[in-house]
Amino acid sequence: MCPLFFLMCTDKYGGWTGMLTEMTKASCYTGVILTPKLPQVEFSLACNDLVASGRDRKPNALVQVAVIDPHKQHLVTHACTEIVEANKDPLFLTGVTFPSEHPTSPETLVKLTVYDAKDKSQESNSFLGSATFSVGDLLRAKDERLTLSLRSSDGGCSAGTVVVSRLKMGEMEEVDVDHITTDIPSQKCPLVCESASHACVDRENNPLTGPVFKNPVCKVYRFQTVDSKWMLVREQMEECTLSFSIPKQLLSLYIQEDMRRVQDLRELGELSPHWDNLRKEVMTRYGGIISSYQETLAELDKITGRSFKPSCCKAQKSLEFIPINLHTQRMRVTCPRKTDAFYDIVTVGAPAAHFQGFKCGGLQRLLSRYEAEKKSFSTAYQCIYYSPEHTAKAQEVLSTMSLLQPLITSLADQLLQAAQEHSSTGIKDALKNLSDKTEQFVHTLKDELVKSALLALHTAQPGYVSKNQKQTPVQAGQHQGHIHQHSDQNQSPVQGLPGHSPATPVTESTLVCNNVEGSQTTTRGEGGPLPLKHQDSIPHHKEYDEEEWDRVWANVAKCLNCVIAMVDKLQEEDNSKQETVPEQQLADVITSHNPGDWREQLCPLVTRLKECVMEVVEKAKKAMTFVLLQEAACSIPQGFLLQQRRDVVFSQALAALACGFVMRLYAGMQDKGFMRQLHLVGLVAQFESLLSTYSEEIGMLEDMEVGISDLQRVLFKITEAKTDDLSDLQPLVCGRRDHFTVEVPLPRLVFQTLPEEIKEGKPLRVFPVLFNVGINEQQTIAERFGDISLQERINQKNFEMLEAYYKSLSEKVPLECLPCFQTQTDIKELLETLGQNVVTKKRKNVEILWIAGTICRRLNGIRFTSCKSAKDRTSMSVTLEQCALLRDEHQLSKDFFIRALDCMRREGCRIENVQKNIRCRKYAFNMLQLMAFPKCYRPPEGTYGKADS
């Protein structure tokens, strides 16, 4: 399904009439793209009869374009063409564009200055001549073309001429000009491309671009195809407001979650001195995190008007949650008699904790080491060792209870309301919803973790004395054996009590530690347990009833069954009354029936159900909080530091993902096949990384791997915006660390066009995959003398995930829903080729990245490209991918491939990105580094040098 051009339009009052009209017109298309406003003016440049300073040579020409500010009367540099070597009649591929945001008017004056570049660094240029014209002159000229004489430095007009031609799309006339290269003979070549439509919207009033994307940088080129036609190519790079808004929302959610955790710890009640000291220490740690996050959030709130973090600030503490250099880039291609095509990509610095550094590695290594060491921590702190799965289960139980308990209460009230109204249909629907949610609630708590955690919590309370202390050694051993056998059958994570891993037998010594002041503990020596001191002074504690939880938990289901039985009874009685009453008396019976009868009979049962649910929630919440207390206690301080690092990395990754999702959603809004894929399966988000597996960058890659993997916990929902105001169209984040949801609001009229499943709030999934191939000189060292197993494992694991996604997609969605491309290689064949490349031992095998990117586009996915700063290596990758798409999908002439690549790298959006980041138009490479790069990733001469990254 080929993407087609679709233009969002509003009337002059910002309404949606024009948009709906365009939507109706576009309904016959196979796909639709939502685009921002087209540029106001675009023109191409060519020169004739240029005279070089040395008469015996042809000039290496370039044109610098400046705008004369009418108010301040000074020049503002606007654009520059590429260098056309050794040609007195150069035709430049790089055009000039004035985007919709530029304050251009017919009176705007443009100055063109032509130089002879002595070297490609443009540092020693020789002035050839200049010319000035107004935008109005160009628009009024015949064929919208101007031929201007170049004035030399002495005021003469002997330097040649410059031809300015307004760029438009469509049929073109042909004129005789020399080809831009010197090794191909002169031919007829078009100077003007005719544009389809310039009916656009004001960007600030466009609700589908204004609230999220801003500060566009636009570039335009013309390239020749294999059949000697000309295509027009536009690049547009933009910042994204989500760079700051998503991390700020996440910080608020982190603070709220940790404050709730502190409150839950307080509500555990009285604990023995040992556990109380641990609780205080854990609460202090949480307090430190909360304070730190509040300070960071306050610093971010002070920043206004900024929507991206430059690479030179990547290690700044106050900005550590902000993604590095996050930008979107769109390439729009227009060919004669063909529909416009769009190719989107998101560029972002590798999500990593740069401020914290990589001296000890990144998250993947640190987490593995931490889990291996946590057992010894648990013994030192006399805690039960819980695996990451058990900790995640405890968090899941807490999260599910917090969602389901208020929902069950609300549904129970709806049932009583339906009973009050004597509505058979209403009571049936309310009962079904109540039954579903209550059964889900009961099922969530059907886990031995809750039961065993309650036992552990009981033993941590003051004055606990176990039955074992009253038994003979033989009886105690029999009792313990019984407990452990029962726990093994139910796969309980807690088979012992505090101070032991789940596999450790329970002993009296571990039970007594709760009664010792402070951090004193009793341990088993070679001669058996140490004798108790002052045992007579310990108050006797009520023995723990192991069956109490089973009764409380089962009561919820019993209460629900009672409610169901009562509803059935009431409806049967009502039906029987209606059957026995003659028809002439039926109306009187219905009228005289007291609608409050049903409510009165149901109310006690429903109230009891709500009470049972609350009782279960109270106990389970304390049990799961105690599990997390033990996990946190044996994690001090390493676990808290790792959590902060993980929060930082995830924040950067989520901001990038949300940006890509919104961009892809806007682009596919009217594509029915895409929307079907979105709600039935979800989207693949393919992250391309160019990090090396050496030195600091291996730590960055370890951070990035975990951050991208954590995105699997994220769901998206599309909602209807409260108003069409731009502030109400910003994506919102809700949830907690184990599960976040990003809500993307759309204007009401747009929302109404979506599939019913999406309008009903169905959660939308994204499947993140990461492929990494290092390309720099550090990767050369890693491949020859170091270790690249991390890269190999990442690529293999994510290939399997991508393959699984495709299998799921092909089972649920017809492949006809996917976009069509000129290159007809089957996706299954591409996957086989990717799999072969992943297992092939080949140095700097960048084909892995190329094939993975191609598969992503074929699957309607979201493309991301990253390196350390998303500035240098990323720029090489993005421009290479764009030119490969022009070659494969739009028949770019092979003679123009390298020229097109050089144009984009020398004067395109990516060099502007470098300028934005480090205020220097130089890629941060040196000659030695570039010798290690694959040739197609090397920038043109003169565009690189020593620069801060």
Side-chain angles (χ1 to χ4, degrees), residues 39 41-47 50 52 59-69 74-87 89-99 102 104 108-133 135 138 146 148 150 159-167 180 216-223 232-237 875 879 882 898-923 939-945 947:
V41 181
E42 291 178 323
F43 56 84
S44 63
L45 296 169
C47 293
L50 293 180
N60 300 325
L62 68 91
V63 180
Q64 286 190 352
V65 182
V67 178
I68 302 175
D69 189 316
H74 66 81
L75 290 175
V76 179
T77 302
H78 183 74
C80 185
T81 68
E82 78 280 14
I83 300 172
V84 178
E85 297 184 52
N87 198 324
D89 300 316
L91 188 150
F92 299 98
L93 299 183
T94 306
V96 180
T97 180
F98 290 92
H102 196 279
T104 307
T108 299
L109 293 177
V110 180
K111 182 177 181 180
L112 307 176
T113 306
V114 183
Y115 291 97
D116 179 8
K118 299 297 178 63
D119 60 65
K120 292 186 178 180
S121 67
Q122 301 183 21
E123 292 178 356
S124 57
N125 296 333
S126 175
F127 175 81
L128 294 182
S130 64
T132 303
F133 69 96
V135 171
L138 178 61
L146 295 172
L148 307 171
L150 293 172
T161 60
V162 59
V163 179
V164 184
S165 304
R166 186 180 180 194
L167 283 174
I180 64 167
V217 174
C218 304
K219 299 290 179 176
V220 63
Y221 317 92
R222 50 180 173 176
F223 302 131
L232 187 63
V233 178
R234 288 188 181 93
E235 285 183 310
Q236 181 156 312
M237 178 182 71
S875 295
T879 49
Q882 288 183 164
I898 298 299
R899 291 298 305 274
L901 195 58
D902 283 0
C903 282
M904 289 182 177
R905 289 173 174 175
R906 188 182 294 278
E907 297 297 339
C909 286
R910 299 315 304 180
I911 198 69
E912 299 295 341
N913 182 271
V914 173
Q915 172 73 32
K916 287 176 68 174
N917 277 272
I918 60 173
R919 302 191 181 279
C920 173
R921 298 177 71 85
K922 295 282 186 183
Y923 299 111
E941 186 181 342
T943 62
Y944 57 88

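We're numbering straight along the sequence, starting at 1.
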Among Lys219, Gln236, Arg234, Glu42, side-chain hydrogen bond (donor to acceptor under 3.5 Å, both in side chains) partner for Thr97: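 Exactly one option meets the side-chain hydrogen bond (donor to acceptor under 3.5 Å, both in side chains) with Thr97, and it is Glu42.
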
[X] and [Y]: which non-hydrogen atoms are nearest, and at how many Å?
{"X": "Ala61", "Y": "Phe92", "value": "O-CE2, 3.4 Å"}
{"X": "Glu82", "Y": "Glu907", "value": "N-CG, 4.1 Å"}
{"X": "Asn125", "Y": "Ala117", "value": "OD1-CA, 3.4 Å"}
{"X": "Thr879", "Y": "Met904", "value": "CG2-CB, 3.8 Å"}
{"X": "Cys909", "Y": "Val217", "value": "SG-O, 3.4 Å"}
{"X": "Thr132", "Y": "Lys111", "value": "OG1-CG, 3.9 Å"}

What I want to check is whether the side chains of Arg222 and Ser44 have a donor and an acceptor closer together than 3.5 Å.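 Yes, side-chain donor-acceptor contact under 3.5 Å.
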
task: Determine, step by step, whether Thr943 and Asp902 satisfy the side chain to side chain contact (heavy atoms under 4.5 Å, CB included) criterion, reporting the C-alpha distance in whole Å, the side-chain angles of both residues, the deciding distance to 0.1 Å, and the verdict.
output: CA-CA 10 Å; Thr943 62; Asp902 283 0; over 6 Å; no

Compare all side-chain heavy atoms of [X] with those of [Y] and state whether any distance is below 4.5 angstrom.
{"X": "Met237", "Y": "Asn913", "answer": "yes"}
{"X": "Arg899", "Y": "Val84", "answer": "yes"}
{"X": "Tyr115", "Y": "Asn60", "answer": "no"}
{"X": "Val164", "Y": "Leu45", "answer": "yes"}
{"X": "Thr94", "Y": "Arg906", "answer": "no"}
{"X": "His78", "Y": "Gln64", "answer": "no"}
{"X": "Thr108", "Y": "Val67", "answer": "yes"}
{"X": "Val63", "Y": "Val96", "answer": "no"}

Do side-chain atoms of Lys922 reach the backbone of Gly942 as a donor and acceptor pair under 3.5 angstrom?
->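 Side chain of Lys922 to backbone of Gly942, a donor-acceptor pair under 3.5 Å: yes, one is there.
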
inquiry  = Go through it in stages, so that I can follow the logic: the residues are Phe98 and Val110, the test is side chain to side chain contact (heavy atoms under 4.5 Å, CB included), and I'd like the CA-CA distance, side-chain angles, deciding distance and then a yes or no.
reply    = CA-CA 11 Å; Phe98 290 92; Val110 180; 4.0 Å; yes

(Q) As an exercise, state the distance from CG of Leu75 to OG1 of Thr113, rounded to the nearest 0.5 Å. (A)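 Atom-to-atom, Leu75:CG and Thr113:OG1 are 7.5 Å apart.
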
One pair to check against side chain to side chain contact (heavy atoms under 4.5 Å, CB included): Arg905 and Ser875. What are the steps and the verdict? CA-CA 7 Å; Arg905 289 173 174 175; Ser875 295; over 6 Å; no

